[in-house]
Amino acid sequence: MKNVQQHILDELTAILQTIPEFGEQVFEDSVMRVIDADDESLPDSFIVIQPGVTDEVERVGKNSLRERTTFNVTLVTRTYAFAPLLRAARLTVKSKLAGRTAGLTGVQSAQFLSDTPMPPAPGQVLAAHVLPLQVTYVQNY
């Protein structure tokens, strides 16, 4: 049985690795855990993919169902002039994941939900911008 959600995550990771200045390091984790850890071994700019809620949309047949899940694509930087860098990277992510399926195979539809800028919190050096990507697909089992 093919795990469609994992396949989408792998393909999404590969696409995000092409984002200039951020794509050097793309990994799945909890965004707040990464920000709170402020790991000095990470590059100055990187991307964290945090899986969000998965909803069952409908039972398609006896052995399949349509699901909708959200991947929170988070651009993170410790660059002092973070705002223009994050805006440019946001636009690049949206252009790389353009179209009805965001260029992802096995996806029936994809859309970005409202994104959230996160300036560094007091005492923190990491700024972030969260782009929730919601995808719908059919999972056979």
Side-chain angles (χ1 to χ4, degrees), residues 1-61 63-141:
M1 167 175 37
K2 178 180 177 181
N3 182 336
V4 177
Q5 194 174 100
Q6 183 63 51
H7 171 77
I8 294 167
L9 179 62
D10 293 343
E11 195 170 4
L12 178 61
T13 300
I15 292 169
L16 292 173
Q17 288 172 336
T18 68
I19 305 298
E21 296 193 45
F22 287 83
E24 176 186 334
Q25 185 92 17
V26 179
F27 56 96
E28 179 182 3
D29 206 332
S30 163
V31 174
M32 293 313 297
R33 189 187 75 74
V34 171
I35 289 174
D36 288 344
D38 192 21
D39 184 350
E40 293 290 328
S41 69
L42 291 170
D44 284 345
S45 298
F46 55 93
I47 299 172
V48 178
I49 303 171
Q50 180 175 314
V53 175
T54 300
D55 295 315
E56 181 177 313
V57 177
E58 69 177 316
R59 298 284 168 138
V60 179
N63 295 321
S64 62
L65 56 102
R66 182 170 288 112
E67 291 184 311
R68 180 176 42 234
T69 193
T70 302
F71 294 104
N72 293 297
V73 175
T74 306
L75 305 162
V76 183
T77 188
R78 62 173 48 96
T79 304
Y80 182 75
F82 63 87
L85 182 64
L86 289 172
R87 278 194 302 275
R90 173 192 173 275
L91 185 58
T92 303
V93 167
K94 292 219 174 183
S95 69
K96 297 270 186 180
L97 297 171
R100 195 174 86 71
T101 63
L104 301 166
T105 57
V107 170
Q108 293 183 326
S109 65
Q111 67 178 356
F112 281 100
L113 305 176
S114 298
D115 49 82
T116 305
M118 297 170 50
Q124 297 282 347
V125 296
L126 295 174
H129 198 100
V130 184
L131 295 104
L133 177 65
Q134 188 176 70
V135 297
T136 303
Y137 58 90
V138 172
Q139 175 65 60
N140 295 314
Y141 51 91

Test side chain to side chain contact (heavy atoms under 4.5 Å, CB included) applied to Thr18 - qualifying residues, sequence neighbours left out: Lys96

query: Side chains of Lys2 and Asn140: closer than 4.5 Å at any heavy-atom pair?
result: no

statement: Nearest heavy-atom approach of Val57 to Glu67 is CG2-C, 4.0 Å

Under 3.5 Å donor-acceptor, Asn3 side chain and Gln5 backbone: yes

task: Rounded to the nearest 0.5 Å, what's the gap from CG on Asp36 to CG on Leu126? Could you check?
output: 9.5 Å

query: Within the side chain of Arg78, is there an N or O that forms a donor-acceptor pair under 3.5 Å with the backbone of Gln124?
result: no

- prompt: Can you tell which of Leu97, Val93, Val73, Val26 makes a side-chain contact (heavy atoms from CB on, under 4.5 Å) with Ile15?
  reply: Leu97

field: Check: Leu75 and Thr92 side chains under 4.5 Å, non-hydrogen atoms
entry: no

- line: Scanning both residues in full, the closest heavy-atom pair of Gly52 with Thr69 reads O-OG1, 4.1 Å

task: With the side chain counted from C-beta on, respond yes when Leu86 and Pro117 share a heavy-atom pair under 4.5 Å apart, and no when they do not.
output: no

field: Phe46 and Glu24, any side-chain heavy atoms less than 4.5 Å apart
entry: no

field: Between Thr74 and Asn72, a side-chain donor and acceptor under 3.5 Å
entry: no

message: To the nearest 0.5 Å, what is the distance between OG1 on Thr79 and CG on Leu85?
response: 5.0 Å

statement: Residues at least two apart in sequence or cross-chain that pass side-chain hydrogen bond (donor to acceptor under 3.5 Å, both in side chains) with Arg87, listed by chain then number, are none

- prompt: Do Gln6 and Asp10 have side-chain heavy atoms sitting under 4.5 Å apart?
  reply: yes

task: Indicate whether the side chain of Thr105 and that of Glu11 have a donor and an acceptor atom separated by less than 3.5 Å.
output: yes

message: Using the side-chain hydrogen bond (donor to acceptor under 3.5 Å, both in side chains) criterion, which residues pair with Gln134? Sequence neighbours excluded.
response: Gln111

message: Can you list everything that forms a side-chain hydrogen bond (donor to acceptor under 3.5 Å, both in side chains) with Gln17? Sequence neighbours excluded, please.
response: none

- request: Please examine the side chains of Leu42 and Val34, heavy atoms only from C-beta on, and report whether any two atoms are closer than 4.5 Å.
  value: yes

query: Just by distance, do the side chain of Ser30 and the backbone of Gln50 share a donor-acceptor pair under 3.5 Å?
result: no

- prompt: Rounded to the nearest 0.5 Å, how far apart are CZ of Phe71 and CD1 of Ile8?
  reply: 5.5 Å

Nearest-0.5 Å distance, OG of residue Ser41 to CD of residue Gln25: 7.5 Å

- prompt: If you draw a 6.0 Å radius around OH in Tyr141, do more than 12 non-hydrogen atoms from other residues or ligands fall strictly inside?
  reply: yes

- prompt: Residues two or more places apart in sequence or in another chain: which of them pass side chain to side chain contact (heavy atoms under 4.5 Å, CB included) with Thr101?
  reply: Val107

- prompt: Rounded to the nearest 0.5 Å, what separation is found between the NZ atom of Lys94 and the CG atom of Leu133?
  reply: 9.5 Å

- prompt: With sequence neighbours excluded, what pairs up with Asp115 under the side-chain hydrogen bond (donor to acceptor under 3.5 Å, both in side chains) test?
  reply: Arg90, His129

Backbone of Val53 reached by a side-chain donor or acceptor of Arg68 within 3.5 Å: no

query: With a 4.5 Å limit on heavy-atom distance, are the side chains of Phe82 and Met118 in contact?
result: no

task: Calculate, to the nearest 0.5 Å, the distance between atoms CD1 and CG belonging to Ile49 and Asp29 respectively.
output: 11.0 Å

- prompt: What are the two closest non-hydrogen atoms of Val76 and Phe22, and how far apart are they?
  reply: O-CE2, 3.4 Å

